[in-house]
J.: 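My structure is below; once you've seen it, I'll send some questions.
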Amino acid sequence: MTTMLKGIAASSGVAVAKAYLLVQPDLSFETVTVENTEKEEARLDAAFATSQNELQLIKDKAVQSLGEEAAAVFDAHMMVLSDPDMTAQIKAVINDKKVNAEAALKEVTDMFIAIFEGMDDNKYMQERAADIKDVTKRVLANLLGVKLPSPALINEEVIIVADDLTPSETAQLDKKFVKAFVTNIGGKTSHSAIMANTLEIPAVLGTKNITELVKDGQLIAASGLTGEVIIDPTEEQAAEFVEAGKAYAAKKAEWAELKDAETITADGKHFELAANIGAPKDVEGVNDNGAEAVGLYRTEFLYMESDHFPTEDEQYEAYKAVLEGMNGKPVVVRTMDIGGDKTLPYFELPQEMNPFLGWRALRISLTQGAGEDMFRTQLRALLRASVHGRLRIMFPMVALVTEFRAAKAIYEEEKAKLIAEGVKVAEGIEVGIMVEIPAAAVLADQFAKEVDFFSIGTNDLIQYSMASDRMNEKVSYLYQPYNPSLLRLINHVVKSAHAEGKWAGMCGAMAGDQKAVPLLMGIGLDEFSMSATSVLETRSLMKRLDSTKMEELANKALTEAATMEEVLSLVDEYTK
């Protein structure tokens, strides 16, 4: 039966394909007494062999998408599977207690997990407990004959259906086969949306319950342009989606002709269009889409895709690759932004009532101990890499001028140490802050005296300004990028930067929002950083707009509008 859903259009594009349910299966079982223990041993051997084959395939895929180092975690998993001591103990339980393989597997692996988790003085061995948990889940699934989702193993065209997608799951997706994804939760600024845009995969998020409505293999039509999703579409509906996809592809082809063009308005004013990235491999998409800079390199993914703190040399190689890949164009690197919803398996974060308001980002970096050590290592790697391009360094989650001063002091210390060691460091590295906390936005006139630039992070600035969790659908109506109050904050930041001869950019989702762009042009934002796939569409829009007229639009929105709806009405009036 045809079912129609409406979600949030989070990444542009249209797809029609079979559903691939990326949900965790029920792995519950009963302990059963068995007589034929040889049969249970054979079942166990078969499950281990199948798991080994699956992990090898997943590792091979991960090497292609994430690199050898990040994929090394699967070597650890395969080592667990090939441990003869563990296998022997499981078989001993099968024979001694006459129980099924599932029960014996759980008993033995639970024992190993408890032993490793109890090794408080050995962090490496504690981390092996997580490996055993993952491996046990895979072997148990194979014993039970249920499918454990493995996005890396997809080898046919599908639309991923999930409650949500983690960065590690998204990183396994192959654009050749994954035509779109649809989730229960999330929105335009969630990490799944950010990753979808980076990978250029259409996405519809926040459908609330699609995982309950769709079965594995059912045909789905999804539009990342309108947010519409149809389960079991009719032939006519499927054809309409296919045509919409072709029309969007034609538009993209038209925009592609602007790849090497300057970003110039109808009256000759230039704006800088930059792209956001999460890994060195994303630079190819930046250049393919004609971006003039990297406006945000999210370095936390370097940490999240590793099973240890990335070393100075490992980070240096990543930053060097990005800087060289941009061929002298500016690259804004945000220092590690862990915390909130971004965690590391090897770095313990406290359980907090409000993690988005807690110990995260620069607050971790300025904490003596592991946090500051991590920060200093990253700064050294960045400073060493600076000679390979045009580096700009940005500190996230700055609330106080004293925080910026403390971070800048550590930066200067590490710079002085490197120079004393004879290491070459580039001249003229700009050091700025991400403006995402209202306190920093309000005090932008004072910050502007000390920073080299601002980059406005609207995703958090909006949720903090409106006291509205951007992932909570019940208060999603408060997530208003066009609200006059937010526009006034942005205007103050931009004008404060210009008063001190500094530049102001934006790296939140709002920078590539086609309704917001005219307003931001009028406010005088210097740099717009967005997903690479939005660059050419934005350049096309800017070429049609007159900056003087957009300034008039912005002034009216700032002084006369009281609601988001009134602002949008003004935008329509000035851009039609």
Side-chain angles (χ1 to χ4, degrees), residues 67 69 274-283 286 293-306 308-338 342 344 347 361-367 370-398 403-434 450-455 457 505 507 527 529:
E69 189 180 337
N276 301 334
I277 66 170
K281 61 184 174 61
D282 298 336
V283 169
V286 175
V294 168
L296 171 63
Y297 176 8
R298 302 183 185 90
T299 59
E300 56 272 16
F301 289 109
L302 192 60
Y303 294 77
M304 293 168 72
E305 292 169 359
S306 175
H308 62 276
F309 288 116
T311 66
E312 182 180 321
D313 284 343
E314 288 167 347
Q315 293 189 61
Y316 163 76
E317 292 297 337
Y319 306 145
K320 175 187 173 186
V322 172
L323 287 162
E324 287 185 338
M326 288 304 294
N327 301 309
K329 295 175 183 176
V331 175
V332 176
V333 178
R334 180 174 70 187
T335 58
M336 182 272 299
D337 186 14
I338 297 300
K342 290 173 281 189
L344 302 178
F347 183 64
L362 193 67
R363 298 166 184 184
I364 295 175
S365 298
L366 295 179
T367 302
E372 186 181 320
D373 291 345
M374 195 169 16
F375 187 46
R376 288 182 181 274
T377 298
Q378 182 172 34
L379 289 174
R380 284 178 64 88
L382 283 166
L383 286 161
R384 285 173 55 197
S386 65
V387 295
H388 298 288
R390 191 173 164 192
L391 176 66
R392 295 167 171 170
I393 297 175
M394 175 166 69
F395 303 137
M397 280 296 286
V398 177
E403 287 178 315
F404 173 74
R405 289 173 181 167
K408 184 73 181 292
I410 293 173
Y411 162 84
E412 294 293 355
E413 284 176 22
E414 294 305 324
K415 181 179 178 182
K417 286 180 192 175
L418 284 170
I419 292 172
E421 293 167 15
V423 177
K424 191 174 179 184
V425 175
E427 295 291 331
I429 300 171
E430 295 181 39
V431 180
I433 65 169
M434 194 164 177
E450 304 193 31
V451 305
D452 293 323
F453 67 90
F454 292 132
S455 185
C507 57
E527 179 235 47
S529 191

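The figures that follow rest on heavy atoms only: side chains count, while hydrogens, waters and symmetry mates do not.
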J.: Would a 4.5 Å heavy-atom cut-off, applied to side chains only, mark M304 and L344 as touching?
T.: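 Yes, at least one pair of side-chain atoms sits under 4.5 Å.
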J.: Look only at the side chain of N276 and the backbone of Y297, and say whether a donor-acceptor pair between them is shorter than 3.5 Å.
T.: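 Answer holds: no.
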J.: Taking the side chain as everything from C-beta on, heavy atoms only, tell me whether E403 gets closer than 4.5 Å to L362.
T.: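 SC-SC contact between E403 and L362 confirmed.
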J.: What do the steps show when you test M326 against V294 for side-chain contact (heavy atoms from CB on, under 4.5 Å), and what is the final call?
T.: CA-CA 8 Å; M326 288 304 294; V294 168; 3.7 Å; yes
J.: Check whether any side-chain heavy atom of M336 sits under 4.5 Å from a side-chain heavy atom of S365, and report yes or no.
T.: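 Yes; the side chains approach each other to less than 4.5 Å.
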J.: For the atom pair OH (Y316) and OG (S386), what is the distance rounded to the nearest 0.5 Å?
T.: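 Nearest 0.5 Å value for the OH-OG distance: 9.5 Å.
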J.: Shortest non-hydrogen contact from V286 to A275?
T.: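 Looks like CG2-CB, 3.8 Å.
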J.: When you compare the side chain of T335 with that of F375, does any pair of heavy atoms fall below 4.5 Å?
T.: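 Yes. Closest side-chain heavy atoms under 4.5 Å.
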J.: Under 3.5 Å, which donor-acceptor pairs link side chains of residues 415-426 to any protein atom two or more places apart or in another chain?
T.:
{"residue": "K417", "atom": "NZ", "partner": "E414", "partner atom": "OE2", "Å": "3.2"}
{"residue": "E421", "atom": "OE1", "partner": "R380", "partner atom": "NH2", "Å": "3.1"}

J.: Once salt bridge (charged side-chain N to carboxylate O under 4.0 Å, His left out) is applied, do any residues pair with D373, and if so which ones, sequence neighbours excluded?
T.: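 For D373 there are no salt bridge (charged side-chain N to carboxylate O under 4.0 Å, His left out) partners, ignoring immediate neighbours.
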J.: Any donor-acceptor pair under 3.5 Å linking the side chain of T311 with the backbone of E314?
T.: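 Yes: the side chain of T311 pairs with the backbone of E314.
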J.: Does L382 reach the side chain of Y411, with side-chain heavy atoms less than 4.5 Å apart?
T.: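 Side chain of L382 against side chain of Y411, heavy atoms only: no contact under 4.5 Å found.
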J.: Determine the minimum heavy-atom distance between F347 and A370, stating which atoms define it.
T.: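 That closest heavy-atom pairing would be CE1-CB, 3.9 Å.
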J.: Which of these, R384, H388, E324, Q378, sits in a side-chain hydrogen bond (donor to acceptor under 3.5 Å, both in side chains) with Y319?
T.: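 It is Q378, the one option of R384, H388, E324, Q378 that forms the side-chain hydrogen bond (donor to acceptor under 3.5 Å, both in side chains) with Y319.
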J.: List the residues meeting salt bridge (charged side-chain N to carboxylate O under 4.0 Å, His left out) with E300, not counting sequence neighbours, and say none if there are none.
T.: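 Testing E300 for salt bridge (charged side-chain N to carboxylate O under 4.0 Å, His left out), a comparison that skips the adjacent residues, returns R334, K342.
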J.: Tell me the closest heavy-atom pair linking A293 and K329, and the distance in Å.
T.: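 Looks like CA-CB, 4.4 Å.
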J.: Which pair of non-hydrogen atoms, one from P280 and one from A321, has the smallest distance, and what is that distance?
T.: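 What the structure gives for the nearest pair is CB-CB, 4.1 Å.
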J.: Minimum heavy-atom separation for Q315 and A381, please, with both atom names.
T.: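 Looking at all heavy atoms of both residues, the closest pair is CB-CB, 3.6 Å.
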J.: Out of curiosity, M394 CE to D337 CG, how far, rounded to the nearest 0.5 Å?
T.: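 That separation rounds to 9.0 Å.
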J.: Show your reasoning for whether side-chain contact (heavy atoms from CB on, under 4.5 Å) applies to L296 and I277.
T.: CA-CA 6 Å; L296 171 63; I277 66 170; over 6 Å; no
J.: For R392 and V331, run side-chain contact (heavy atoms from CB on, under 4.5 Å): C-alpha distance rounded to whole Å, both residues' side-chain angles, the deciding distance at 0.1 Å, then the answer.
T.: CA-CA 6 Å; R392 295 167 171 170; V331 175; over 6 Å; no
J.: CD of E372 to OG1 of T377: how many Å apart, nearest 0.5 Å?
T.: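 Going from CD on E372 over to OG1 on T377, the span is 10.5 Å.
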J.: Measuring only between side-chain heavy atoms, which start at C-beta, is V431 closer than 4.5 Å to F395?
T.: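 Counting from C-beta outward, V431 and F395 do come under 4.5 Å.
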J.: As a quick check of understanding, evaluate side-chain contact (heavy atoms from CB on, under 4.5 Å) for Y303 and M374, giving each step before the final call.
T.: CA-CA 10 Å; Y303 294 77; M374 195 169 16; 3.6 Å; yes
J.: For the atom pair CD (E317) and CG (L302), what is the distance rounded to the nearest 0.5 Å?
T.: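 Taking CD in E317 and CG in L302, the distance rounds to 11.5 Å.
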J.: How long is the gap from CD1 on I410 to CG on L366, to the nearest 0.5 Å?
T.: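 Spacing of CD1 (I410) from CG (L366) equals 5.5 Å.
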J.: If you compare all heavy atoms of G457 against all heavy atoms of C507, which two are closest, and at what distance to 0.1 Å?
T.: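 Answer, listing the atom of G457 first, then C507: CA-SG, 4.3 Å.
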